[in-house]
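The chains referred to below are lettered A, B, ... by the order of the sequence lines, with proteins before strands, and numbering in each begins at 1. Only a predicted model underlies this, so the values are computations on that prediction, with no experimental measurement involved.
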Number of protein chains: 2
Amino acid sequence: MPRKRNAHRSPEMPTLADVARLAGVSEITASRVVRAQGPIADATRARVLTAITELGYIPNRAAGSLASAGSTLMSVLLPSLSNIVFPDVLRGIHTALTETAFQPVIGVTDYDPLIEERILVSFLAWQPAAVILAGLHHTPTARRHLEHGRFRVAELMDIDGEPVDIAVGMSHRQAGYETGKHLIQRGYRRFGYARHNVTTDDRASARYEGLCWALHEAGLSLVAEHCYPDASSTKAGRDALAILLAAHPGLDVVVFPNDDMAMGGIFHCMHAGIAVKEKLGIFGFNGLDIGQAMPMPLSTILSKRFLIGKTAAEKLLESRERPPEKTIINTGFDIIEGATA
Amino acid sequence: MPRKRNAHRSPEMPTLADVARLAGVSEITASRVVRAQGPIADATRARVLTAITELGYIPNRAAGSLASAGSTLMSVLLPSLSNIVFPDVLRGIHTALTETAFQPVIGVTDYDPLIEERILVSFLAWQPAAVILAGLHHTPTARRHLEHGRFRVAELMDIDGEPVDIAVGMSHRQAGYETGKHLIQRGYRRFGYARHNVTTDDRASARYEGLCWALHEAGLSLVAEHCYPDASSTKAGRDALAILLAAHPGLDVVVFPNDDMAMGGIFHCMHAGIAVKEKLGIFGFNGLDIGQAMPMPLSTILSKRFLIGKTAAEKLLESRERPPEKTIINTGFDIIEGATA
DNA sequence: GCCTTTTATGGTAGCGCTGTCATAAATCTT
DNA sequence: AAGATTTATGACAGCGCTACCATAAAAGGC
C-alpha cells in the first residue's frame with residue numbers, strides 16, 4: 001500500500017505542488033519563480049508569488065538539495081570560540097553571506113585535526129557549496145576529502161603553505177619576524193616569551209619561530225620563556241609574566257602569543273608597579289579593540305580577522321567552479337606601535 | 001528519456017545502494033546500520049561497516065532529511081558576534097551538541113526582529129530539529145512559525161515573559177534591580193548611566209529599568225545618563241564616561257550596560273587620575289574574564305552564558321516532542337563584588 | 001508440539017524538488 | 001513570407017534515502 005501523503009507530518013505543509021495548483025501553473029514553473037531562474041512572464045510570476053504568500057509556502061531545501069545535488073550551506077570549521085578572534089572571522093563570513101542564499105554551518109575543532117576531520121565528514125553529508133576551515137594543516141583523510149573537488153575550499157588565517165583551493169590570511173612567520181625586528185630596533189635586547197598550552201596552534205608556533213629568527217639574525221636569542229599550563233586567557237598572561245619575571249628579573253621585553261595574554265601582562269605590571277615600556281616592554285598579537293582603548297595602548301600586530309572571513313566568503317561565492325590554479329590572498333598585517341613597547 | 005544516474009555529479013559518489021550491494025544486503029538494512037537503528041545481526045553490521053569504509057561512503061543527509069521529514073540541524077539565531085557574549089552561548093550549545101548527530105546552523109540578526117524573521121524562515125527550509133534564538137520578543141510572523149510546533153524552540157538569555165516552548169536565562173530586570181540595591185547599600189547615591197546605541201537590546205533596557213526601580217524605591221533617581229551614539233565597545237565606555245563626568249562632576253557611581261563599556265570607564269578613570277571606587281564607583285554586566293583579571297577586578301554581574309547555551313541545547317535534545325507545558329529555566333546570576341564599586 | 005513473541009531482513013513507494021528534453025508561441029531576420 | 005531565434009511553459013523521471021508494511025526464522029511459553 002502506498003504511503004499516505006504527508007502521513008508522518010503533523011499539520012500539512014504546503015508544497016510546491018500546492019503553490020503550482022493554486023497559481024494554475026506547473027510545478028516546474030513555480031520552482032523557477034522561487035529560484036528566480038529562467039524566463040518567466042511577469043503575470044505568471046505575480047500569480048505564483050501570490051500563491052506563495054497565501055499558503056505561507058516555505059521551500060524544502062532538503063528536497064531541492066537532493067534534486068540538484070548541491071546545497072546552499074557553507075561549512076565553517078573553526079578552532080575555537082573562546083576568544084573574539086574566530087567570532088570576528090565568522091562575522092566577516094556572515095557579512096559576505098548576507099543577501100546571498102548561503103548559510104554558514106559551524107563546527108568547532110578545538111585545534112584538533114582529528115576532530116576537524118570528523119566534523120568535516122559530517123558536514124559533507126549536506127553537500128555543502130563550500131568549506132571554510134582554519135590553517136593549512138589537516139589530516140590526510142580530511143585533505144583527501146577537501147581535494148575531491150565537488151565544492152570550493154577556503155583555508156583561513158595562514159598562507160605559509162600549499163592551499164587546497166583558496167588561502168586567505170597572513171604569514172604568521174613573518175609577523176613574528178617583524179615583531180622581533182621592531183622590538184630590536186627600539187632597543188630591546190633581553191627577550192622573554194610567555195606561551196600557553198595549545199601546542200597545536202600552528203600559527204602561534206609560526207610567530208614564535210619568526211621571532212626567534214629575527215633574534216638570531218641580530219645575534220640574540222630568547223632569554224627566557226614560560227609555558228602557562230592552561231588555555232590562553234588574560235589571567236594566564238598575568239600569571240605567566242609573574243613567573244617569568246620571578247625567575248628572570250633582567251628581561252626588558254616580553255612577547256605574548258596574543259593580546260589577551262599581553263593585557264594580562266600589563267595588568268601584572270600595574271599590580272607590581274613595573275613601568276611598562278621603560279622598564280619592561282609588552283608586545284601582543286591581534287590588535288583587539290580593548291587593548292587599544294587602554295590608557296596605554298597595547299603594542300601589537302593587527303591581524304585582519306573580519307577581512308579574512310569576508311574576503312574568503314566573497315572569493316568562494318565568485319564561482320562555483322574550482323579554478324585551475326590555487327589562489328593565495330595575503331591580507332597582511334599592521335604593526336601597532338602602541339605605548340607598551 | 002530518463003536522466004542518466006549521477007549525470008550531474010562529477011566523480012560518482014557511492015550511495016547506500018552501492019554499500020548494500022557490496023555488503024550483500026538490502027538498502028534498508030544498510031540504512032539501519034548507518035543510523036544504528038533497529039535490530040541488526042552483528043555479522044551483518046560488520047559486513048556493512050566494512051563496505052562503508054571500503055567505498056568511503058558518506059550518507060547524503062539531504063536525502064535522509066527528505067525521506068524522514070526531519071533533519072539533524074539546529075538553527076541558532078544570535079543577535080551579534082561582536083563581543084564574546086554570544087560566542088560564549090554558542091560554545092555552550094556546541095558543547096552540548098558534540099557527540100550527538102546535531103549540527104548548529106547559525107545566523108546573526110543584528111538585534112533586528114525583522115532580520116530574525118527573515119533568517120528564521122530561510123532556516124525552516126531545512127526542517128530543523130530545533131530552533132534556538134535570543135530573547136522572547138519576535139515579530140508576529142516569526143512567532144507564528146515558532147508556534148507551529150514541528151520543532152522544539154528555545155529562547156535564551158531572558159525569562160521575563162511567556163516563552164514559546166523553553167526559555168533559559170535570567171531575569172535582567174532583577175539583575176538591574178539587584179545592581180541598584182547593591183550599590184545603594186554600599187553608600188552610593190548619585191548614579192550615572194552610560195548607554196550605547198542599540199535600542200533594541202531588550203535585555204539592556206530591562207536591566208536599566210530594574211536599576212531605576214531600585215533607585216526609585218530608595219527615593220533616588222538617575223542623576224545623569226549619556227547615550228553613546230555608536231555600538232558598544234570599550235572605547236564607547238571610555239568616551240561616554242568622559243562626557244558624563246564633564247557634564248555632571250558630582251556623580252559617585254556610574255553603571256554600564258556591560259563589562260566592555262565598564263572597562264572603558266575604568267580606563268578613563270586611570271587616564272584622568274580618578275580614584276575608582278573611592279571617588280567613583282564603576283559597575284558592569286557579564287562578568288567577563290578580562291575584567292576579573294585586572295589589578296582592580298571589575299564589580300559586575302556574572303551572567304552564565306555558557307551554561308545558558310549548554311542547558312538549552314541539552315533540554316532540546318531530551319525529547320523531540322514539545323511537552324504540553326512551557327518550561328522556564330532560570331540560570332540565575334551572581335553579583336561579583338570586585339574592587340570598582 | 002503448537003502457538004505466540006521477538007529478532008532480523010527485505011520490497012516498495014514515496015519525501016519535494018529540479019534537470020533534461022520537448023513544445024508552443026512570440027519575435028526577429030533577410 | 002518562410003525560416004531562424006528567443007521566450008515561456010510543461011511532462012516526467014529520478015536525486016538517495018527512509019517509513020511502512022510484510023515475511024521468515026529463531027526463541028520462548030505451556
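- As rounded to whole Å, 14 Å separates atom C1' of C:dC17 from atom CD of A:Gln127.
- Checking B:Arg91 against A:Ser80 by side-chain atom types alone, no donor-acceptor pair falls below 3.5 Å.
- Rounded to the nearest 0.5 angstrom, B:Ile106 CD1 and B:His94 NE2 are separated by 11.0 Å.
- In the region residues 43-59 of chain A, proximity to DNA chain D at under 4.0 angstrom, judged on heavy atoms, holds for A:Thr44.
- In this structure, a donor-acceptor pair under 3.5 Å is present between the side chains of B:Ser122 and A:Gln103.
- For the pair B:Asn60 CG and D:dG14 P, the computed distance is 18 Å after rounding to whole Å.
- Shown are A:Val108, A:Thr109, A:Asp110; of these, the side-chain contact (heavy atoms from CB on, under 4.5 Å) with A:Pro79 is made only by A:Thr109.
- Among the nucleotides C:dA8, D:dT9, D:dT18, the one closest to any side-chain atom of A:Pro39 is D:dT9.
- Not one side-chain nitrogen or oxygen of A:Ser31 sits closer than 4.0 Å to the OP1 or OP2 atom of C:dC17.
- Rounded to whole angstrom, the span from the CD atom of A:Gln37 across to the P atom of C:dC17 amounts to 15 Å.
- Counting only N and O atoms by type, the side chains of B:Ser26 and B:Thr29 include a donor and acceptor under 3.5 Å apart.
- Here the P atom of nucleotide C:dG19 and the CG atom of A:Leu16 are 12 Å apart, to the nearest Å.
- B:His138 pairs with exactly one of B:Glu117, B:Arg143, B:Glu116, B:Arg144 by the side-chain hydrogen bond (donor to acceptor under 3.5 Å, both in side chains) rule, that one being B:Glu116.
- Atom CZ in B:Arg35 sits roughly 11 Å away from atom P in D:dC17 (whole-Å rounding).
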Could you list, one pair per line, each protein nitrogen or oxygen that sits under 3.5 Å from a nitrogen or oxygen of nucleotides 23-27 of chain C, together with the distance?
none

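- Between the OG atom in B:Ser65 and the CD atom in B:Gln127 there is a gap of 5.5 Å [rounded to 0.5 Å].
- Regarding A:Asp18, its CG atom lies at a distance of 13 Å from the C1' atom of C:dC17, rounded to whole Å.
- Put simply, the side chain of B:Asp158 never gets that close to the backbone of B:Gly135: no donor and acceptor are under 3.5 Å apart.
- If you check the side chains of A:Arg35 and A:Ser31, you find a donor sitting under 3.5 Å from an acceptor.
- Screening A:Thr331, A:Val168, A:Ile328, A:Ile329 for a side-chain contact (heavy atoms from CB on, under 4.5 Å) involving A:Ile159 leaves a single residue, A:Ile328.
- When atom types are taken as modelled, the side chain of B:His145 and the backbone of B:Leu120 share no donor-acceptor pair closer than 3.5 angstrom.
- The side chain of B:Ile40 has C:dT9 as its nearest neighbour among D:dG16, C:dG16, C:dT9.
- The interatomic distance linking A:Arg150 (CZ) with D:dC15 (P) rounds to 16 Å, in whole Å.
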I'd like a list of close polar pairs between nucleotides 10-12 of chain C and the protein, N/O only, cut-off under 3.5 Å.
| residue | atom | partner | partner atom | Å |
| --- | --- | --- | --- | --- |
| C:dG10 | OP2 | B:Ser26 | N | 2.8 |
| C:dG10 | OP2 | B:Ser26 | OG | 2.9 |
| C:dG10 | OP2 | B:Thr29 | OG1 | 2.5 |
| C:dG10 | O5' | B:Ser26 | OG | 3.4 |
| C:dG10 | O6 | B:Arg32 | NH2 | 2.9 |

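- Distances were taken from every side-chain heavy atom of B:Leu66 (C-beta onward) to each of C:dC15, C:dC17, D:dT18; the shortest belongs to C:dC15.
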